[in-house]
Amino acid sequence: MRTQVGIVGAGPAGLLLSHLLHLRGIDSVVLESRSRRYVEQRVRAGVLEQGTVDVLDEAGVGERMRAEGLPHHGIELRYGGGGHRVPFERLVPGRAITVYGQQEVVKDLIARRLADGGTILFDVPDVALHSLEKDPYITFSGERLDCDVIAGCDGFHGVSRPSIPEGVLTVFQREYPFAWLGILAEVPPSAEELIYAHSDRGFALHSMRSPEISRFYLQVPPETSLDDWPDERIWAELRARLETVPGFTLAEGPIISRDVSAMRSFVAEPMRYGALYLAGDAAHIVPPTGAKGLNLAVADVRLLTAALAEFYATGSTALLDAYSGSCLKRVWRAQHFSWWMTTLLHTFDDDPYGRRLQLSHLDYVTSSEAAATTLAENYVGLPFDFGARP
Ligand code: APR
Ligand code: PHB
């Protein structure tokens, strides 16, 4: 089998790349180790930056997102017995976020690729990358896929990044001493907007997927087992961390999904080795507090598409050569923002000094227009050319 771009992984990065390349007349094959059902049902974050919404819209895959996604023009920071809204409409006029589940983006992209005759192979075992310096190819379940370029879009635990020879990559990382327990519940959201709650019991987040479905997260110890969290304990803890302002009552309903996810900051540089280009979680991870993971993946594949389009149209490798450096500008900004939101809002053991700093910074962000604008412009997403040299 031969294609122009061999794509490993059918998450948001791999699927969107395949679609954007198709729009530029570039052929690709997507290889995914899990089943279609698995990738479509996997519950992940659900906040799309303005730029992400625009990319999906312009690529003609935004119809359901426009119909069912929930545009939000602010978030609440809740701490010290008060709620403080960060009003995007005033601080970053014309920019907002859209709440739309990542697995819905994945469903839309799969449907569109298949409708356009694209090739996505699911349940593909034993994917291996070969000859990355020249004439690369991918093998899987006894087959061989030759390609000009390989896009490693297989997430943090994929095979692409480990296929790069030792000594090439520099890894930067930070682990956090907590995890997030996430639930989906069949109950209307208890407030119209997201609530990021700082409390002495740990961080909590109120989010949603639709007018009927709420999404919540609790900061929990890293080794947490779901077995230790019967429904009543989850609701009691959410109440204790969120019902901290007068007049707010948490609406409860049947829990339909639950998960525990690790919190990690990670960047591997550069995002390229020979003919292999890494995109999305394969190259970088952020803790979810800033809601940046999916958005970074979209920004990466947007740049990779432009670079490959230029290469196929003119033979120039200028944009391909610039790919890693250009992505990393944005990646590091999101790394900082995600680390900052995480350290601002979570409880760290035995750190009374850090606790005071958090409260002081929360007071600043909720009272200074300048500080609030910094949060708002990062949250809704910086322009795609952020960090580009003139
Ligand atoms: N072979 C083929 N596919 C693989 C392999 C492999 N060896 N290893 C992993 N995959 C697949 C995974 O099953 C998954 O479907 O690669 C895909 C990677 O998708 P994601 O983990 O979703 O990563 P990405 O597409 O970069 O999406 C960006 O945004 O909200 C964040 O972290 C969240 O996943 C999200 C990310
Ligand atoms: C979500 O709705 O899943 C969500 C929202 C905001 C975040 C992280 C996750 O910061």
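All ligand and atom numbering here is 1-based and tracks the order in the structure.
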What verdict does the side-chain contact (heavy atoms from CB on, under 4.5 Å) test give for Leu344 and Leu357, after you've listed the backbone C-alpha separation in whole Å, the side-chain angles of each residue and the deciding distance to 0.1 Å? CA-CA 8 Å; Leu344 179 67; Leu357 289 184; over 6 Å; no
Distance (rounded to the nearest 0.5 Å) between [X] [atom1] and [Y] [atom2]:
X      : Y      : atom1 : atom2 : result
Glu269 : Phe172 : CD    : CZ    : 4.5 Å
Arg330 : Asp385 : CZ    : CG    : 9.0 Å
Arg161 : Met271 : CZ    : CE    : 11.5 Å
Ile195 : Leu205 : CD1   : CG    : 9.0 Å
Leu16  : Thr52  : CG    : OG1   : 9.0 Å

Under 30°, 30 to 60°, or over 60°: which ring-plane class applies to [X] and [Y], parallel, tilted or perpendicular?
X      : Y      : result
Tyr196 : Phe203 : tilted
Tyr79  : His198 : perpendicular
His336 : Trp339 : tilted

For [Y] together with [X], are the ring centres under 6.0 Å from each other?
X      : Y      : result
Phe348 : Phe178 : yes
Phe266 : His284 : no
Trp332 : Phe337 : no

Protein contact to [atom] [nearest heavy atom, distance to 0.1 Å]:
atom                    : value
atom 2 (O) of ligand 2  : Ser207 OG, 2.6 Å
atom 3 (N) of ligand 1  : Ser33 N, 3.2 Å
atom 28 (C) of ligand 1 : Asp281 OD1, 3.5 Å
atom 4 (C) of ligand 2  : Tyr217 CE1, 3.7 Å
atom 22 (O) of ligand 1 : Arg44 NH1, 3.1 Å
atom 27 (O) of ligand 1 : Pro12 CD, 3.4 Å
atom 13 (O) of ligand 1 : Glu32 OE2, 2.6 Å
atom 10 (O) of ligand 2 : Tyr196 OH, 2.7 Å
atom 8 (N) of ligand 1  : Gly158 CA, 3.5 Å
atom 7 (N) of ligand 1  : Val159 CG1, 3.5 Å
atom 18 (C) of ligand 1 : Cys153 O, 3.4 Å

Could you say whether the N/O atoms of Pro288 and ligand 2 ever approach to under 3.5 Å? yes
May I ask you to check if ligand 2 and Trp180 share an N or O to N or O distance below 3.5 Å? no
Quick one: look at Leu31 and ligand 1, take heavy-atom pairs under 4.0 Å, and tell me if it's side chain, backbone, both or neither. backbone
Tell me whether Trp180 is reachable from Leu242 by hopping between hydrophobic residues (I, L, V, M, F, W, Y) whose side-chain heavy atoms are closer than 4.5 Å. no
Among His72, Arg209, Gln102, Arg44, which residue places a heavy atom closest to atom 1 (C) of ligand 2? Arg209
Among Ile7, Leu294, Asp123, Asp126, the residue with a heavy atom nearest to atom 31 (C) of ligand 1 is Leu294
Taking only heavy atoms of [X], which atoms of ligand 1 are found under 4.0 Å from at least one of them?
X      : result
Val8   : 1 (N), 2 (C)
Arg34  : 13 (O)
Gly155 : 18 (C), 21 (O), 23 (O)
Val39  : 15 (O)
Gly11  : 15 (O), 17 (C), 19 (O), 22 (O), 25 (O)
Ala297 : 28 (C)
Gly280 : 26 (O)

Would you mind listing which atoms of ligand 2 come within a distance below 4.0 Å of any non-hydrogen atom of [X]?
X      : value
Ala45  : 3 (O), 9 (C)
Val47  : 5 (C), 6 (C)
Leu194 : 5 (C), 6 (C)

Are Tyr379 and Val92 close enough, and set up right, to give a side-chain contact (heavy atoms from CB on, under 4.5 Å), and what steps lead you there? CA-CA 10 Å; Tyr379 198 90; Val92 282; over 6 Å; no
Just do the side-chain contact (heavy atoms from CB on, under 4.5 Å) check on Ile213 and Glu186 with the steps written out, would you? CA-CA 5 Å; Ile213 305 283; Glu186 247 164 2; 3.9 Å; yes
Considering distance alone, does some N or O of Ala13 sit under 3.5 Å from an N or O of ligand 1? yes
Note: Val99, heavy atoms under 4.0 Å from ligand 2, region reported as neither
Quick one: does Glu193's side chain have a donor or acceptor within less than 3.5 Å of a partner on Glu76's backbone? no
